[in-house]
Amino acid sequence: MSSELSPVSALDQLRRIESSKVFQGTVIAIIILSALTIGAKTYDIPPLLAEILAVLDNGITLFFLVELLFRFGVHQDKKRFLLDGWNLFDTLVVIGSLIPLDNSEAVLLGRLLRVFRVLRLVSVVPELRFLINSLLKAIPRMGYIALLMFIIFYIYAAMGAMFFADIDGTLWGDVAVAMLTLFRVATFEDWTDVMYATMDVYPLSWLYYLTFIFLTAFVFLNMMVGAILEVMSEEQNAKQAQKAHAERDEMARRLVEVQQQLQELTDLVRNQKR
């Protein structure tokens with residue numbers, strides 16, 4: 001038997017390396033190192049350390065380029081590699097990191113894309129990818145909640161501008177300013193000072209603030225969280241169903257292989273008897 005590995009088995013071995021925890025851990029460690037080097041450059045550092053960080057940054061960029069080419073090489077369907085959003089994101093970030101920083105016209109873009117290399121941590125860690133995918137799929141549902149919240153903001157802002165404009169024109173002068181004031185109330189940023197100022201003229205104005213806070217800070221916020229959790233639950237169920245389907249396909253494939261082997265053994269026994 002030849003000791004050399006066939007191309008198929010060698011490719012399978014490279015794919016196992018690419019999906020191994022050691023490889024993934026190495027990539028995560030380099031991403032964290034990249035984040036530290038980017039943060040270190042924001043400080044006033046000695047020239048020698050700046051040169052070391054520049055060399056380290058070039059090494060990290062080279063590592064990401066090799067890692068991306070390696071992942072592309074072991075991908076099963078290379079024509080669909082960039083159809084995956086995460087692969088496309090990694091490719092754009094890595095290509096953008098190749099922009100030389102000594103080019104004055106592209107220095108800002110190059111530095112910005114180097115900052116985005118930290119986001120590659122999301123594409124590497126499956127759990128983070130799951131959270132981001134769930135959040136993106138929940139955006140349409142959250143959009144309707146945000147629209148309803150805007151309507152509530154507008155109604156309360158119009159009421160506030162009508163009743164409280166004479167009290168404090170800076171906070172309630174018109175609808176737009178009143179909406180900014182309500183955003184301050186919704187985030188609990190010194191909202192009691194705003195309430196007490198109006199209560200001096202309208203003692204029952206506390207009802208206005210409490211109902212608004214109840215709707216925005218409690219009802220709509222919980223609706224947002226509920227929409228995200230619902231999508232995450234659906235994604236988890238779909239992931240488990242896909243995994244179960246893959247396991248059934250694997251079991252069926254192995255069963256077919258066993259049946260073929262039994263048939264071959266049966267034919268061999270019959271031939272020997274003859």
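Under the 4.5 Å side-chain contact rule for hydrophobic residues, Ile30 and Leu62 do not share a cluster. At a threshold of 4.5 Å between side-chain heavy atoms, the hydrophobic network of Ile, Leu, Val, Met, Phe, Trp and Tyr places Leu180 and Phe188 in two separate groups. A single hydrophobic cluster is seen to contain both Leu204 and Met159, as judged by linkage of ILVMFWY side chains at heavy-atom distances under 4.5 Å, directly or through other members. Following chains of ILVMFWY side-chain contacts shorter than 4.5 Å, one can reach Val93 starting from Leu128, so the two form part of one hydrophobic cluster. Put simply, Ile132 and Val231 are part of two different groups of oily side chains (I, L, V, M, F, W, Y) that touch within less than 4.5 Å, one to the next.
Between the side chain of Asp190 and the backbone N or O of Asp193, no donor-acceptor pair lies under 3.5 Å. Remark: side-chain polar atoms of Asn87 are not paired, donor with acceptor, to backbone N or O of Leu83 under 3.5 angstrom. A donor-acceptor pair under 3.5 Å links the side-chain atoms of Asn237 to the main chain of Ser233, judged by distance alone. Using modelled atom types, one side-chain atom of Thr216 and one backbone atom of Phe212 make a donor-acceptor pair closer than 3.5 Å.
Paired with Met232 under the rule side-chain contact (heavy atoms from CB on, under 4.5 Å), one option of Asn133, Leu131, Leu135 passes, and it is Leu131. Between Thr198 and the choices Tyr208, Trp172, Tyr209, the side chain to side chain donor-acceptor pair (under 3.5 Å) rule is met once, by Tyr209.
For the pair Leu207 and Thr211, the tightest heavy-atom approach, listed with the atom from each and the gap, is O-OG1, 2.7 Å. When every heavy atom of Leu88 is checked against every heavy atom of Leu82, the shortest pair comes out as CB-O, 3.7 Å. Closest heavy-atom contact between Met195 and Ser205: O-OG, 4.2 Å. Residues Met179 and Phe150 share a closest heavy-atom pair of CE-CE1, 3.5 Å. Closest approach of Ile145 and Ala227 over heavy atoms only: CD1-CB, 4.2 Å. For the pair Val175 and Ala157, the tightest heavy-atom approach, listed with the atom from each and the gap, is O-CB, 3.7 Å.
Between Phe214 and Phe218, the ring planes lie tilted relative to each other; the angle falls in the 30° to 60° range. Classified by interplanar angle (parallel below 30°, tilted 30° to 60°, perpendicular above 60°), the ring pair Phe153/Phe183 is tilted.
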Item to check | Full working for side-chain contact (heavy atoms from CB on, under 4.5 Å) between Glu67 and Thr26 | outcome: CA-CA 10 Å; Glu67 181 256 345; Thr26 302; over 6 Å; no
Checklist entry - Going through the distances and angles, do Glu250 and Arg253 end up as a side-chain contact (heavy atoms from CB on, under 4.5 Å)? => result CA-CA 5 Å; Glu250 180 65 19; Arg253 185 184 65 82; 2.4 Å; yes
Item to check | side-chain contact (heavy atoms from CB on, under 4.5 Å) evaluation trace for Leu68 with Phe81 | outcome: CA-CA 11 Å; Leu68 182 64; Phe81 180 79; 4.0 Å; yes
Checklist entry - Does the pair Leu65 and Leu69 meet the rule for a side-chain contact (heavy atoms from CB on, under 4.5 Å), with working shown? => result CA-CA 6 Å; Leu65 178 61; Leu69 293 176; 4.3 Å; yes
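A distance of 12.0 Å separates OG1 of Thr37 from CD1 of Ile32, quoted to the nearest 0.5 Å. Atom CE in Met223 sits 6.0 Å away from atom CG in Leu148 (nearest 0.5 Å). In this structure, CD1 on Ile52 lies 13.5 Å from CG on Asp57, to the nearest 0.5 angstrom. Note that the CD1 atom of Ile152 and the CG atom of Leu182 stand 11.5 Å from one another [nearest 0.5 Å]. A distance of 10.0 Å separates OG1 of Thr266 from CD of Glu264, quoted to the nearest 0.5 Å. Rounded to the nearest 0.5 Å, atoms OH (Tyr156) and OG1 (Thr181) are 15.5 Å apart.
Shown here is Gln242, whose CD atom has no more than 12 heavy atoms of other residues, nucleotides or ligands within 6.0 Å. More than 12 heavy atoms of other shown residues, nucleotides or ligands fall within 6.0 angstrom of atom CZ in Phe220. Enclosure of atom CZ in Phe130 by more than 12 non-hydrogen atoms of other residues, nucleotides or ligands within 6.0 angstrom is indicated. For Trp86, the CH2 atom sits in a packed shell: over 12 heavy atoms of surrounding residues, nucleotides or ligands are nearer than 6.0 Å.
Residues forming a side-chain hydrogen bond (donor to acceptor under 3.5 Å, both in side chains) with Arg184 (at least two apart in sequence, or on another chain): none.
Between Phe23 and Phe70, the gap from one ring centroid to the other is short of 6.0 Å.
The pair Arg254-Glu257 does not meet the salt-bridge criterion, since no charged nitrogen lies less than 4.0 angstrom from a carboxylate oxygen. The pair Glu234-Arg141 meets the salt-bridge criterion, since a charged nitrogen lies less than 4.0 angstrom from a carboxylate oxygen.
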